[in-house]
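Structure, as structure tokens:
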Number of protein chains: 2
Amino acid sequence: MPSLRTAQVARLAGVNVETLRFYEREGILPEPPRRASGYRDYPPETVSRIRFIKRAQELGFSLKEIKELLDLTTAPRAKSGRVRQMAEAKLAEIEHKIHDLEAMKQTLMDLVCGCDGRRPLAACPIIESLSGCPRSGETQTGTS
Amino acid sequence: MPSLRTAQVARLAGVNVETLRFYEREGILPEPPRRASGYRDYPPETVSRIRFIKRAQELGFSLKEIKELLDLTTAPRAKSGRVRQMAEAKLAEIEHKIHDLEAMKQTLMDLVCGCDGRRPLAACPIIESLSGCPRSGETQTGTS
DNA sequence: CTTGACTCCGTACTATGGTACTGAGTTAAT
DNA sequence: ATTAACTCAGTACCATAGTACGGAGTCAAG
């Protein structure tokens with residue numbers, strides 16, 4: 001039964017040793033059993049759990065969300081409904097981000113097109129656009 | 001000469017009073033003159049400077065980048081070349097983000113399509129995909 | 001003159017995802 | 001037995017963009 005020590009798990013999973021302790025503190029990795037000396041004795045599945053975390057991060061899930069996903073997988077009689085729900089919510093979030101970025105991109109493209117990079121700054125359309133008066137009253141954020 | 005006090009500037013610019021002090025500490029707002037009492041006496045242009053900051057943030061510039069933009073506008077004999085360069089770099093960055101998000105979106109869409117939300121978790125393709133070995137049947141849409 | 005609103009400064013705290021450091025104890029090999 | 005490498009816990013720190021708080025001083029109106 002090849003239980004692993006911290007550095008082994010870290011190396012196999014491709015993360016820093018400190019990251020393991022961080023995940024444990026955050027409750028995303030369960031506390032492993034200890035030897036008499038206090039050293040952690042990780043079960044080998046820990047490595048795949050960390051890889052799960054890393055793959056989910058690549059899909060844009062936060063550690064908090066990944067924790068929920070992982071907690072679901074150990075819940076008795078769990079159905080995949082919640083998982084699908086989270087994936088759909090994340091999908092909507094990603095689409096929203098893409099939308100925002102597209103808007104930024106379009107604005108920046110327009111600005112770059114109008115700027116030849118040769119004029120003095122006073123005539124730079126980018127600076128001008130950033131400096132100009134806002135389209136219409138976007139002044140208030142609530143008076144507390 | 002209508003010099004403004006902190007709360008007035010904050011209200012006109014739509015930001016928190018603390019934010020003004022934060023910007024000043026960060027060097028993105030110049031230190032205003034003070035009254036004998038120590039109170040800040042903001043010139044009215046401060047308001048448009050903050051609105052510049054807010055608009056640039058909406059375009060995805062960080063405070064550090066905005067500081068550079070603002071420093072450029074006060075540099076003597078400045079040409080708009082650097083501004084254009086920064087806008088182009090930001091554009092490339094935004095395009096890269098969009099690309100990454102599109103990949104995430106595609107992967108998540110594939111996963112969601114395969115999950116009916118009715119099965120037990122053990123049969124959920126989303127969990128399965130996250131748990132599986134990286135190289136086998138993974139829904140791989142381009143870059144990571 | 002008193003009251004309430006405003007302002008000052010320094011510091012601590014929020015969230016996110018880790019990284020780095022210290023000083024002590026443990027393990028494994030020679 | 002010595003020594004190098006590893007591990008422990010706790011804490012501080014990185015960047016980002018602010019927000020909150022406490023105690024003291026100031027300003028304007030009544």
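In what follows, chains carry the letters A, B, and so on, assigned in the order in which the sequence lines appear, proteins first and then strands, with residues in each chain numbered from 1. Being a predicted model, the structure only gives us computed values, none of them experimental.
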Using whole Å, report how far CD1 of A/Ile53 lies from P of C/dG18.
9 Å

So if I take every side-chain heavy atom of B/Arg21 and compare against C/dG17, D/dG18, C/dG10, which nucleotide ends up nearest?
C/dG10

Using a cut-off of 4.0 Å on non-hydrogen atoms, how would the nucleic acid contact of B/Lys67 be classed: base, sugar-phosphate, or nothing?
nothing

Specify the residue among B/Arg5 and A/Ala7 whose closest nucleotide of DNA chain D lies further upstream toward the 5′ end.
A/Ala7

Rounding to a whole Å, what distance do you find between B/Phe61:CZ and D/dA17:C1'?
17 Å

Using a 4.0 Å heavy-atom cut-off across all strands, classify B/Gln57 as base, sugar-phosphate, or nothing.
sugar-phosphate

Does A/Arg118, at its CZ atom, have more than 12 non-hydrogen atoms belonging to other residues, nucleotides or ligands within less than 6.0 Å?
no

Distance in angstrom units between B/Ile66 CD1 and D/dT16 P, rounded
12 Å

Would you say the side chain of B/Tyr39 and the base of D/dC27 hold a donor-acceptor pair, judged only by whether the two atoms sit under 3.5 Å apart?
no

Could you state the atom-to-atom distance from CG of B/Leu20 to P of D/dA17 in whole Å?
16 Å

N/O (side chain, A/Arg35) to phosphate O (OP1/OP2, C/dT26) under 4.0 Å
no

From the set D/dC6, C/dC6, C/dG17, return the single nucleotide nearest to any side-chain atom of A/Phe22.
C/dG17

Hey, are the side chains of A/Arg5 and A/Arg35 touching, using non-hydrogen atoms and a 4.5 Å cut-off?
yes

Please determine if a side-chain N or O atom of B/Ser37 lies less than 4.0 Å away from the OP1 or OP2 oxygen of D/dC27.
yes

Taking all atoms of both residues into account, what is the closest heavy-atom pair of A/Leu108 and B/Leu59, and its distance?
CD1-O, 4.1 Å

Just how far, in rounded Å, is P of D/dT7 from CG of A/Leu4?
11 Å

A/Glu24 CD - C/dG17 P separation (whole Å)
18 Å

Atom pair distance, as rounded to whole Å: CD1 in A/Ile28 and P in C/dG18:
9 Å

Can you tell me the distance, in whole Å, between the CZ atom of A/Arg34 and the P atom of C/dT26?
14 Å

Phosphate OP1/OP2 of C/dG17: any A/Lys54 side-chain N/O under 4.0 Å
no

So, is A/Thr19 close to the C/dT19 phosphate, meaning a side-chain N or O under 4.0 Å from OP1 or OP2?
yes

Flag the pair A/Leu63 / A/Phe22 as yes when at least one side-chain heavy-atom distance between them is below 4.5 Å, and no otherwise.
yes

So, OP1 or OP2 of C/dC8: does either fall under 4.0 Å of a side-chain N or O from B/Arg40?
yes

For the side chain to side chain contact (heavy atoms under 4.5 Å, CB included) test, which of A/Arg82, A/Glu88, A/Lys90, A/Arg84 pairs with A/Met86?
A/Arg82

So which one's nearest nucleotide on DNA chain C is more toward 5', A/Ala36 or A/Asn16?
A/Asn16

Quick one: are A/Arg25 and A/Arg21 in side-chain contact, heavy atoms under 4.5 Å?
yes

Is it the case that C/dG17 (base atoms only) and A/Arg25 (side chain only) share a donor and an acceptor within less than 3.5 Å, ignoring hydrogens and angles?
no

